[in-house]
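Have a look at the structure below, then the notes.
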Number of protein chains: 2
Amino acid sequence: MQNEFDEIDRQLLAALQDNARLTSGELAEMTGLSQSPCWRRIRRLEEAGLIDGYHARLSRRALGYGVVAFVSISIDLQNEARSIEFAEAVRAIPQVVMFHGVTGTADFLLMVVAKDLDAYSDLLQHSLHRLPGVRQVQTSFSVQEFKGFNELPIP
Amino acid sequence: MQNEFDEIDRQLLAALQDNARLTSGELAEMTGLSQSPCWRRIRRLEEAGLIDGYHARLSRRALGYGVVAFVSISIDLQNEARSIEFAEAVRAIPQVVMFHGVTGTADFLLMVVAKDLDAYSDLLQHSLHRLPGVRQVQTSFSVQEFKGFNELPIP
DNA sequence: CGTGAAAAAAACGCAGG
DNA sequence: CCTGCGTTTTTTTCACG
């Protein structure tokens, strides 16, 4: 199960990651192939699981989320069942847009969106601080977004 | 310039965020509208900037990135020009997939992907530690991804 | 790989409620 | 603002060499 794709596949992946509305024809022109094999390659990339799906990217600001916070959480990890309970509780919070278990001083790192600081404060008090087993919560607000998480580099 | 969208717009946004390949017809059926106004609404949402674009989501694992790291960086921020220089240098690193200036103990938070720990180690030594003005670099590896950053909640 | 062609959908316009 | 209808143009999808 090695990575087995060539330069053209790379071009296709990069182009589609940037704009999924490109047609097979446009992609064919970009890559120098003709339309049919180009379409077949895309099919292959989809079936191989390299392309996970096509999604509209929504604008955080246009949706009214003015606040992005990174939240480090430490818990009392007594047993695995409690950990799973914690993870499920966090995952169920819609404002938590990213959620990883991490090494280091904290146990989990969350990325959270909120309309404003008041909304974030509510979320903190009513959801995050009430999570089962939580010991410490530390918030870091984003003050400047230099790079969103929009794309992966093509190897 | 308030958020001015109704329940149907919310449905459309949620559906397209989940799957951008849905046709106007399918979306019309889902929302109970007919095809024409449905299509018009989508156009409006695009023009209003709520929909930022359509993008293929690539699979990190299928691309061969086994490592995700969160990197906190503190710098000696002597003047603004130096800060901008730093930011540009970081932004130019393809493996840095997310990059925010943050409040708290560190100045910046990065999310980085790498093939494996060796690749991450190289990146750290050859890129991150060599950044202009960097004072401290702290890495937290992701050991479990409970939620990627795949979608925003619809308000 | 390529050319070509049928079937589907997008991208609208328009009349009328 | 919606519906329903129709039209033109693109795009998808696939048979075949």
Side-chain angles (χ1 to χ4, degrees), chain A residues 1-65 115 150-152 154-155, chain B residues 1-60 62-64 150-155:
Chain A
M1 190 179 160
Q2 311 289 17
N3 281 345
E4 190 63 51
F5 44 88
D6 61 16
E7 187 52 34
I8 291 179
D9 288 331
R10 265 182 276 274
Q11 287 181 253
L12 292 174
L13 289 170
L16 286 172
Q17 184 170 33
D18 184 62
N19 178 10
R21 283 283 169 103
L22 292 169
T23 67
S24 308
E26 290 168 313
L27 290 164
E29 193 176 0
M30 289 175 49
T31 54
L33 264 61
S34 71
Q35 185 264 358
S36 267
C38 191
W39 178 80
R40 274 193 290 263
R41 272 169 187 265
I42 294 166
R43 254 267 179 283
R44 241 185 10 94
L45 293 171
E46 290 165 356
E47 279 160 9
L50 274 145
I51 294 178
D52 199 55
Y54 301 93
H55 306 269
R57 185 180 302 149
L58 307 188
S59 161
R60 169 176 71 82
R61 295 212 107 95
L63 284 174
Y65 298 114
K115 179 176 182 289
N150 295 330
E151 51 188 58
L152 289 167
I154 315 292
Chain B
M1 190 178 159
Q2 308 290 18
N3 282 345
E4 191 63 51
F5 46 88
D6 61 17
E7 186 53 32
I8 291 179
D9 288 331
R10 263 182 276 273
Q11 287 181 252
L12 292 174
L13 289 171
L16 286 172
Q17 184 172 33
D18 183 60
N19 179 9
R21 283 284 172 100
L22 292 168
T23 67
S24 309
E26 289 168 313
L27 289 164
E29 193 176 0
M30 289 176 48
T31 54
L33 264 61
S34 68
Q35 187 262 358
S36 272
C38 190
W39 178 82
R40 270 193 294 263
R41 273 171 187 263
I42 294 166
R43 217 184 223 302
R44 254 190 349 106
L45 292 171
E46 288 165 357
E47 279 161 7
L50 273 145
I51 295 177
D52 199 56
Y54 301 93
H55 307 270
R57 184 180 304 148
L58 307 188
S59 160
R60 168 177 71 81
L63 284 174
N150 295 330
E151 49 189 61
L152 290 167
I154 315 292

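In what follows, chains are A, B, ... by sequence order, proteins preceding strands, each numbered from 1. Given the structure is predicted, the values throughout are model-derived calculations rather than measurements.
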Worksheet item: Can you tell me how far CG of A/Leu58 sits from CG of B/Leu152, rounded to the nearest 0.5 angstrom?
Response: 6.0 Å
Worksheet, complete the sentence: Closest to the 5' end of DNA chain D, once A/Gly25 and B/Ile8 are matched to their nearest nucleotides, is B/Ile8
Worksheet item: Below 4.0 angstrom, N of the basic side chain to O of the carboxylate: do B/Glu47 and B/Arg44 qualify?
Response: no
Discussion item. Can you tell me how far apart OG1 (B/Thr31) and CZ (B/Arg10) are? Round to the nearest 0.5 Å.
Written reply: 14.0 Å
Item to complete: Take the protein atom CD1 of B/Ile42 and the nucleotide atom C1' of C/dA10, then report the distance between them rounded to whole Å.
Response: 11 Å
Discussion item. If I take atom CG in residue B/Asn19 and atom P in nucleotide C/dA9, what distance separates them, rounded to the nearest angstrom?
Written reply: 14 Å
Worksheet item: Are the side chains of B/Leu50 and B/Asp9 in touch, meaning some heavy atoms are under 4.5 Å apart?
Response: no
Practice prompt. Take the protein atom CH2 of A/Trp39 and the nucleotide atom C1' of C/dA5, then report the distance between them rounded to whole Å.
Written response: 14 Å
Worksheet item: Salt bridge or not for A/Asp6 and A/Arg41, using N-O below 4.0 Å?
Response: yes
Worksheet item: Which nucleotide, C/dC1, D/dC2, C/dC12, lies nearest any side-chain atom of B/Arg43?
Response: C/dC12
Discussion item. Rounded to whole Å, how long is the line connecting atom CG of B/Leu27 with atom C1' of C/dA11?
Written reply: 15 Å
Item to complete: May I have the distance from B/Arg44 (atom CZ) to D/dC2 (atom C1'), rounded to whole angstrom?
Response: 13 Å
Practice prompt. Name the nucleic acid region contacted by B/Arg41, choosing base, sugar-phosphate or nothing; use a 4.0 angstrom heavy-atom cut-off, strictly under.
Written response: sugar-phosphate
Worksheet item: Distance-only, no hydrogens or angles: does the B/Arg57 side chain make a donor-acceptor pair with backbone N or O of A/His55 under 3.5 Å?
Response: no
Practice prompt. Rounded to the nearest angstrom, tell me the gap between atom CG in B/Leu22 and atom C1' in D/dT12.
Written response: 16 Å
Using nucleotides 4-11 of chain D, report all nitrogen or oxygen pairs with the protein that are shorter than 3.5 Å.
residue : atom : partner : partner atom : Å
D/dC5   : N4   : B/Ser36 : OG           : 3.0

